[in-house]
Amino acid sequence: MKSKLLFLATAILFLIVLAACGNTEESKGTEEDSQSANAESDGPEVVVDGSSTVFPIMEAVAEEYQKENPDARVNIGTSGSGGGFEKFAAGETHISNASRPIKDEEKASLEEAGIDYTEFEIALDGLSIVVNKENDWVDELTVKELNKMWSSYGDVTTWADVREGWPEEEIQFYSPGADSGTFDYFSEVVLGEEGEIRQDASLSEDDNVLVQGVTGSKNGIGYFGYAYYAENKEQLKAVPIVNDSGEAVAPDQETVQSGEYNPFSRPLFVYVKHSALENEAVYNFTEYALKNAGAISESVGYVGKPDSAYEEALQELDSIAGK
């Protein structure tokens, strides 16, 4: 009798374990299916990722769009321009934000994945070099001085190493992370293609962390998109940069749009997957973004492009979508 009961208990236990394994596999499969379908062209959610610099614009666009379209679902991520292109090539997103043009290797990844796309300029930005509000000695900087400060091959440790008469106080450096388009743009302009950023710089993909770093250190210096400076200008000081005409110019909407704030005036981009535009949700959101990007970008601290540029972009969008 005991042996029969033992056999019966063992059999029941086996069936329970088998059922649990089946449920686990089914759950795993459902999760994987959900992840792979995250950015399918017929999905209800618009998935956007990429540059943290472009994020404030697209976040504001999404908020206004969802006010007018309460049933709309838009997910905006911030993995950096490089990280955004990786997700774009992997089929995880419909739209990729970037604060610099797409690189050749990223184009190759998209081509290999069979993804057709179009680049749209969404706004203009003035990459801002900032110091602490209490810093009363830095009144301007040249690109050559920035190179001396930020290069891994330089010997700058204090402000006195940059310019005679500045204090012998150790500088704290704050920079976007290597996946950031802002990092790429700054590195190209200041350090050149072969240059490398100094190893002791504090890196973060989150621009708010960089803001906190500079505001918390009298001897801090950092760089990020103009909107993050504009939002924190009570605590930060934007350093005028000597441009190609020899004039020290601070970033603002006028100097960025005119190009006077060079070499740090730059366009901002969104890249849209052609096949995703078959989804009305993606098309409608992209159309709304291009129609309203000028006004919205200025409301969050960036600079809009001329109306004619957005009109041309909308015509191109309709052509791609077959409208």
Would you say the side chains of [X] and [Y] form a donor-acceptor pair under 3.5 Å?
{"X": "Tyr174", "Y": "Asp207", "answer": "no"}
{"X": "Asn147", "Y": "Ser151", "answer": "no"}
{"X": "Asp184", "Y": "Ser187", "answer": "no"}

Using the rule that Ile, Leu, Val, Met, Phe, Trp and Tyr join whenever any side-chain heavy atoms are under 4.5 Å apart, tell me whether [X] and [Y] fall into a single cluster.
{"X": "Val74", "Y": "Val300", "answer": "yes"}
{"X": "Leu210", "Y": "Trp150", "answer": "no"}
{"X": "Val54", "Y": "Ile102", "answer": "no"}
{"X": "Phe269", "Y": "Met58", "answer": "no"}

Legend entry - Contacts of Phe85 that satisfy ring-ring contact (aromatic ring centres under 6.0 Å, His included) - sequence neighbours left out: Tyr271
Inset, instruction - Look at the rings of Phe186 and Tyr223 and say which category their plane angle falls in: under 30° parallel, 30 to 60° tilted, over 60° perpendicular. - result: parallel
Legend entry - More than 12 heavy atoms from other groups under 6.0 Å of CD on Glu105: yes
Inset, instruction - May I ask you to check whether over 12 heavy atoms, not counting those of Asp139, lie within 6.0 Å of atom CG? - result: yes
Whether the side chain of [X] engages the backbone of [Y] through a donor-acceptor N/O pair (distance < 3.5 Å, no angle test) should be reported.
{"X": "Thr78", "Y": "Asp206", "result": "no"}
{"X": "Arg163", "Y": "Glu145", "result": "no"}
{"X": "Thr182", "Y": "Phe224", "result": "no"}
{"X": "Asn97", "Y": "Val48", "result": "no"}
{"X": "Ser128", "Y": "Gly126", "result": "yes"}
{"X": "Lys273", "Y": "Thr93", "result": "yes"}
{"X": "Asn279", "Y": "Ala276", "result": "no"}
{"X": "Glu59", "Y": "Ile76", "result": "no"}
{"X": "Tyr302", "Y": "Thr53", "result": "yes"}
{"X": "Asn132", "Y": "Val214", "result": "yes"}

Working to the nearest 0.5 angstrom, can you tell me the gap between [X] [atom1] and [Y] [atom2]?
{"X": "Arg266", "Y": "Glu188", "atom1": "CZ", "atom2": "CD", "value": "11.5 Å"}
{"X": "Gln199", "Y": "Phe173", "atom1": "CD", "atom2": "CZ", "value": "12.5 Å"}
{"X": "Ile122", "Y": "Leu268", "atom1": "CD1", "atom2": "CG", "value": "9.0 Å"}
{"X": "Lys323", "Y": "Leu277", "atom1": "NZ", "atom2": "CG", "value": "8.5 Å"}

Inset, instruction - Could you tell me if the ring centre of Tyr229 sits under 6.0 Å from that of Tyr226? - result: yes
Inset, instruction - Could you please spell out the steps behind the side chain to side chain contact (heavy atoms under 4.5 Å, CB included) verdict for Ile241 and Leu141? - result: CA-CA 5 Å; Ile241 302 299; Leu141 283 167; 4.3 Å; yes
Inset, instruction - May I have the step-by-step check of side chain to side chain contact (heavy atoms under 4.5 Å, CB included) for Phe285 and Val61, ending in yes or no? - result: CA-CA 9 Å; Phe285 175 74; Val61 168; 3.8 Å; yes
Inset, instruction - Decide yes or no on salt bridge (charged side-chain N to carboxylate O under 4.0 Å, His left out) for Glu64 and Lys67, but give the supporting numbers first. - result: CA-CA 5 Å; Glu64 294 303 314; Lys67 286 179 185 176; 3.2 Å; yes
Legend entry - NZ/NE/NH1/NH2 to OD/OE distance under 4.0 Å, Arg100 and Glu106: yes
Inset, instruction - Answer yes or no: is there an ion pair linking Lys291 with Glu287, defined by an N-O contact shorter than 4.0 Å? - result: yes
